[in-house]
There are 2 protein chains.
Amino acid sequence: MNREDAIKMTLEVIKEKKLENSSIGEIVKKMDISPGNLYYHFKSKNELYREVLEYSINEIADSLDKVKLDINKKNNLFQLTEKLIRFLEKREDILFFLITMKGSSYLEKKSNSRDLLLNFKNMLVNQDLNTEHEKRIALKLNMFLGSVYEVLYENKLLKKRNLTSAEINEIYLSFWGNEGKEDNGI
Amino acid sequence: MNREDAIKMTLEVIKEKKLENSSIGEIVKKMDISPGNLYYHFKSKNELYREVLEYSINEIADSLDKVKLDINKKNNLFQLTEKLIRFLEKREDILFFLITMKGSSYLEKKSNSRDLLLNFKNMLVNQDLNTEHEKRIALKLNMFLGSVYEVLYENKLLKKRNLTSAEINEIYLSFWGNEGKEDNGI
DNA sequence: GTCTATAGAACGATAGAC
DNA sequence: GTCTATCGTTCTATAGAC
């Protein structure tokens, strides 16, 4: 048994069976190991789920890190938008997990998308922003992430289709289209 | 026992205990009735949850119906945005339920926000739209709803604060700000 | 209609052999 | 490390008395 395998299989089970039907029994059946073995590596179901969240956020962060260093900021924001969407389309398991875990008690302390938002913020904003502007960025980021989740939930998970380039552009423009014009810190 | 009471109490329990800890036992304890009694009125937990969804969507629709008939369309869209946000801030139970139920197997057939989106669409668009434009509206509506859920999740449910008028205006402008200018069917 | 009592299954987690 | 076996609990749902 290997921790990363367990995490990946857990994501698979949650996507297939939905959260409320994802038991230790289902997970070990999928992994073809014994319950005792899983509990040797993870002390509880909560710990397993917490590591699944950590893995998911790291995977997204790794994927976005590749476009982090672009110099043209406007281009940067478009690339980040596109990269995030294409990543979540490819990793439906992570997309479904992040959506379905919102509001669950399993991850309580981690407060879910908070860390992901923080990641984004660090990539998008400069260090020396006034708080008023920071608040506006935080609001925009929340709106942006919510839109991405909802649009991909409807299109990728329900209708099984990827977004067109035009649709990604529409999403980009709604949130970051006006920001590029004035170089106001984003 | 009365069906609407059961539905309201169920919303309360889910908000307090989270979805995975909301059992028939917790619901009847809260209602101070017996399990047998609840099952006399609802044939299963799934049926109860389905009725909770129906109730929630109807409550939102009723709330929005009041601004439906405004003649100035641009003003209409702002009022709808504001009304929806203020309603969900007031009814945290419904807000939490809609967020937490996304991707669960309880409501499978109803596909969750689909009905709410349909409601919106009927209120926003004219009858005779070409499909290309209709698709764009559908995308915008998904983005809009996703943003509202995510922003209210972060602010109302986690930070326990209502949005400012400026924030609501920001949300309105991101989605409908440009639409009003050209009278293109919305 | 509403209750009590409980069936029957599934759950998270552990003990102990290997 | 990995297994089998099972503990103790909780769950949905039902039977049957009132």
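Here the structure is a predicted model, which is why all the values come from computation and not from measurement. Naming: A, B, ... by sequence-line order, numbering from 1 per chain.
A/K29 has its NZ atom 10 Å from the P atom of C/dA10, to the nearest Å. Taking atom CZ of residue B/F42 and atom C1' of nucleotide C/dG1, one finds them 14 Å apart after rounding to whole Å. One interatomic measurement links the two molecules: OH of A/Y40 to P of C/dA13, which rounds to 18 Å at whole-angstrom precision. Straight-line distance from the CE atom of A/M1 to the P atom of D/dC3: 10 Å, rounded to whole Å.
For A/K160, there are no salt bridge (charged side-chain N to carboxylate O under 4.0 Å, His left out) partners two or more places apart in sequence or in a different chain. By the salt bridge (charged side-chain N to carboxylate O under 4.0 Å, His left out) test, B/E132 is found to be paired with no residue, residues two or more places apart in sequence or in another chain being considered. Residues meeting the ring pair (Phe, Tyr, Trp, His ring centres under 6.0 Å) test with B/F144, sequence neighbours left out: B/F175, B/W176. Applying the salt bridge (charged side-chain N to carboxylate O under 4.0 Å, His left out) test to B/K135 and every residue at least two apart in sequence or in another chain returns nothing. Legend: residues meeting salt bridge (charged side-chain N to carboxylate O under 4.0 Å, His left out) with A/K90, ordered by chain and number and at least two apart, are absent.
With the end axes of the helix from C/dG1-D/dC18 to C/dC18-D/dG1 each set by five pairs, the angle from one to the other reads 10° at 10° resolution.
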### Task
Using a 4.0 Å cut-off on protein heavy atoms (strictly under), produce a 5'-to-3' string for nucleotides 4-18 of chain D with B for base contact, S for backbone-only sugar-phosphate contact, and - for none.
B------SSBB----
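A cation-pi contact links B/K18 to B/F96, judged by a cut-off of 6.0 Å to the six-membered ring centre and 45° from its axis.
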Solution key, residues 81-89 of chain A side-chain donor-acceptor pairs under 3.5 Å, sequence neighbours excluded:
{"unit_1": "A/T81", "atom_1": "OG1", "unit_2": "A/L77", "atom_2": "O", "d": "2.9"}
{"unit_1": "A/R86", "atom_1": "NH1", "unit_2": "A/E89", "atom_2": "OE1", "d": "2.8"}
{"unit_1": "A/R86", "atom_1": "NH1", "unit_2": "A/L163", "atom_2": "O", "d": "3.0"}
{"unit_1": "A/R86", "atom_1": "NH2", "unit_2": "A/L163", "atom_2": "O", "d": "3.2"}
{"unit_1": "A/E89", "atom_1": "OE2", "unit_2": "A/L163", "atom_2": "N", "d": "2.7"}

Donor-acceptor pairs under 3.5 angstrom involving side-chain atoms of residues 28-36 of chain A: please list them, not counting sequence neighbours.
{"unit_1": "A/K30", "atom_1": "NZ", "unit_2": "A/E16", "atom_2": "OE1", "d": "3.2"}
{"unit_1": "A/K30", "atom_1": "NZ", "unit_2": "A/E16", "atom_2": "OE2", "d": "3.0"}
{"unit_1": "A/S34", "atom_1": "OG", "unit_2": "A/N37", "atom_2": "N", "d": "3.2"}

